Amino acid sequence: MYNVPADFINEQKVWDVLNAHKTADSYKIREILAKAAEMKGLDMEDVAALTNISDPVLLGELFDTANQVKETIYGKRLVLFAPLYISNLCSNECLYCAFRATNKDIVRNALTQEQIAKEVEVLINHGHKRILMVAGESYPNQGFQYVLDSIKTIYEVKSEHGEIRRVNVNIAPLSTEEFVELKKANIGTYQIFQETYHRETYKKVHLGGKKRDYNWRAWSLHRAMEAGIDDLGIGVLFGLFDYRFEILAMMQHIRELEKQFGVGPHTISVPRLEPATGSDLAAHPPFPVSDIDFRKIVAILRLAVPYTGIIMSTRETAKMRRETFALGVSQISAGSRTNPGGYEHEEDEDDPSGQFSLGDHRPLDEVIQDVAKMGYIPSFCTACYRLGRTGQDFMDLAKPGDIKLHCAPNGLSSFKEYLQNYATPETTEIGNRLIRETIAGMDGLAKQRAEKLVKRVEAGRDDVYC
Ligand code: SAM
Ligand code: SF4
């Protein structure tokens, strides 16, 4: 069924809408922002008009509205995770990626299960609870079983103060049968980026391997949904093509999933093309996205799909990350390495076998201290997924804003757990003050729950949530 063209991505329609909304006046833009403030999302026409904002005053209003929506829905929480690269073997030829099959400038490595366990131990000892497992599209002799074994290994590692409580995965598209197996392995989010929705560009930058097939990739989230995975991550690799086109096409993809399955993606990732060993394309992005446009992309997505998480990785610099949190980012990676084995062998920080260059090299504790100083609550919470609040269930809870009754207390208790078990004294002091101030500013049931959960952690209990 999924060998047919992915016609829900209608390029002509995208161009038509973009062209029809090239010159929205300030009255129209303000009307769209007022609608966005109601947090019911935006349609393609609205999004097209917002992408064309260039007036600094209107841009400021766009950013303010995005901040308002972000704070109303997510409060000051920022969920933290670390990517875990288990293998850089790959049979594809994506011109922007260091892992592409013919690149001779990197050392190939697929971690053994023992090596994966060691990496996980390091991450747990840093304080991480969530991992995004990443691999190239070629597995050692065990084939796809390698992926399943690796997930099992990650969940099995126990260290003094903890374990990984949620494994999200970013691996190549699977068949429906394989997705069923992936679900059984107890994954959190299955994440896959179309890279570019523009077919001609897609063809130009994917020169070999299974990934050449645009349709196989575009239908992958349908197959995952059919296999019962309702927690999905979507994304675009910004820099390959015109970001305005990409946002609108991604909206088509999101609306299609909502139409077919009643629920859209749980997260959107916004990677920007970064330099990668042996890649001319990555060094010279054909459609570079400026910092201001990047912030605009985040703000527009926050308004277009207010209840969908936005993920920003360590591809971005610390400064850029600081400037973008307020616009709608809800999840960030921290203390990341993109070379398999990079956590155990930290001394190889600049190992060219990484997938791309990192913009933010700081260790987890430094990132946590920084975001806490900005008033954000670093959250390691995994409650929704473990209580089965995913897909439609999550959306039902999220939409009326009830999620705050869970997320705010859970975020605080998971942060407290981090402070007690892993933080440096300075971070602990800053963090404890922030927790006290945050609880003081809460009221009602959320406050009661937060006080109760934080007290339990203080009394020595780990992993408490509601
Ligand atoms: N191999 C699988 C795939 O391609 O879907 C999954 C892992 S791949 C390593 C994860 C993502 O990294 C890709 O989807 C792509 O968007 C991103 N990526 C690749 N090269 C990059 C670069 N030079 N800069 C930023 N992101 C990059
Ligand atoms: Fe392989 Fe994924 Fe890199 Fe493409 S992006 S070369 S599929 S690892």
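Given the structure is predicted, the values throughout are model-derived calculations rather than measurements. Counting starts at 1 for both ligands and their atoms, following the listed order.
For the pair R272 and D291, the salt-bridge criterion is met [side-chain N within less than 4.0 Å of a carboxylate O].
Considering only non-hydrogen protein atoms, atom 2 (Fe) of ligand 2 sits nearest to K211 NZ, 4.0 Å. Nearest protein heavy-atom neighbour of atom 13 (C) of ligand 1: E195 OE2, 3.2 Å. Among all protein heavy atoms, the one lying closest to atom 26 (N) of ligand 1 is R315 NE, 3.0 Å. Nearest non-hydrogen protein atom to atom 8 (S) of ligand 1 is Q355 NE2, 3.6 Å. For atom 4 (O) of ligand 1, the nearest protein heavy atom (residue, atom name, distance) is K211 NZ, 2.8 Å. Summary of contacts: the protein heavy atom closest to atom 24 (N) of ligand 1 is E274 N, 2.9 Å. Scanning the protein heavy atoms around atom 27 (C) of ligand 1, the nearest turns out to be F356 CD2, 3.7 Å. For atom 20 (N) of ligand 1, the nearest protein heavy atom (residue, atom name, distance) is Y96 CD1, 3.4 Å.
Polar contact check, Y85 against ligand 1: no nitrogen or oxygen pair lies under 3.5 Å apart.
Remark: Q191 pairs with N170 by the side-chain hydrogen bond (donor to acceptor under 3.5 Å, both in side chains) rule, at least two apart or across chains. With sequence neighbours left out, the salt bridge (charged side-chain N to carboxylate O under 4.0 Å, His left out) criterion links K211 to E195.
A parallel orientation is assigned to the rings of H222 and H253, their planes being inclined by less than 30° (bins at 30° and 60°). Between Y418 and F380, the ring planes are parallel. Angles under 30° get that label, and only those over 60° would be called perpendicular.
With Y85 as the aromatic partner, R337 does not meet the cation-pi criteria of under 6.0 angstrom to the ring centre and within 45 degrees of the ring axis. For the pair R223 and W216, the cation sits on the ring face: its NZ or CZ lies under 6.0 Å from the ring centre, inside 45° of the axis.
Counting heavy atoms under 4.0 Å from ligand 1, residue A276 touches it through the side chain alone. Only the side chain of I192 comes within 4.0 Å of ligand 1, counting heavy atoms alone; its backbone N, CA, C and O stay farther away.
Within the structure, the closest approach of A135 to ligand 1 falls below 4.0 Å when heavy atoms are considered.
Counting non-hydrogen atoms of neighbouring residues, nucleotides and ligands closer than 6.0 angstrom, the NZ atom of K158 exceeds 12 such neighbours.
Separation of atoms CG (N168) and CZ (R130) is listed at 6.5 Å; rounding is to 0.5 Å. To the nearest 0.5 Å, atoms CE (M251) and CD (E258) are separated by 7.5 Å. L123 contributes atom CG, which lies 13.5 Å from atom CD of E163 (distance to the nearest 0.5 angstrom).
With atom 6 (C) of ligand 1 as the reference point, the heavy atom nearest to it among N88, N170, T277 is part of N170. Nearest to atom 3 (C) of ligand 1 by heavy-atom distance, out of R100, E137, R217, is R217.
Residue pairs meeting the ring pair (Phe, Tyr, Trp, His ring centres under 6.0 Å) criterion with at least one member in residues 122-156: none, sequence neighbours excluded.
For the pair S150 and I116, the tightest heavy-atom approach, listed with the atom from each and the gap, is OG-CD1, 3.4 Å.
Each protein N/O/S atom under 2.8 Å from atom 3 (Fe) of ligand 2 was counted, for a total of 1.
For ligand 1 and V134, the ligand atoms under 4.0 Å from any heavy atom of the residue are 7 (C), 9 (C).
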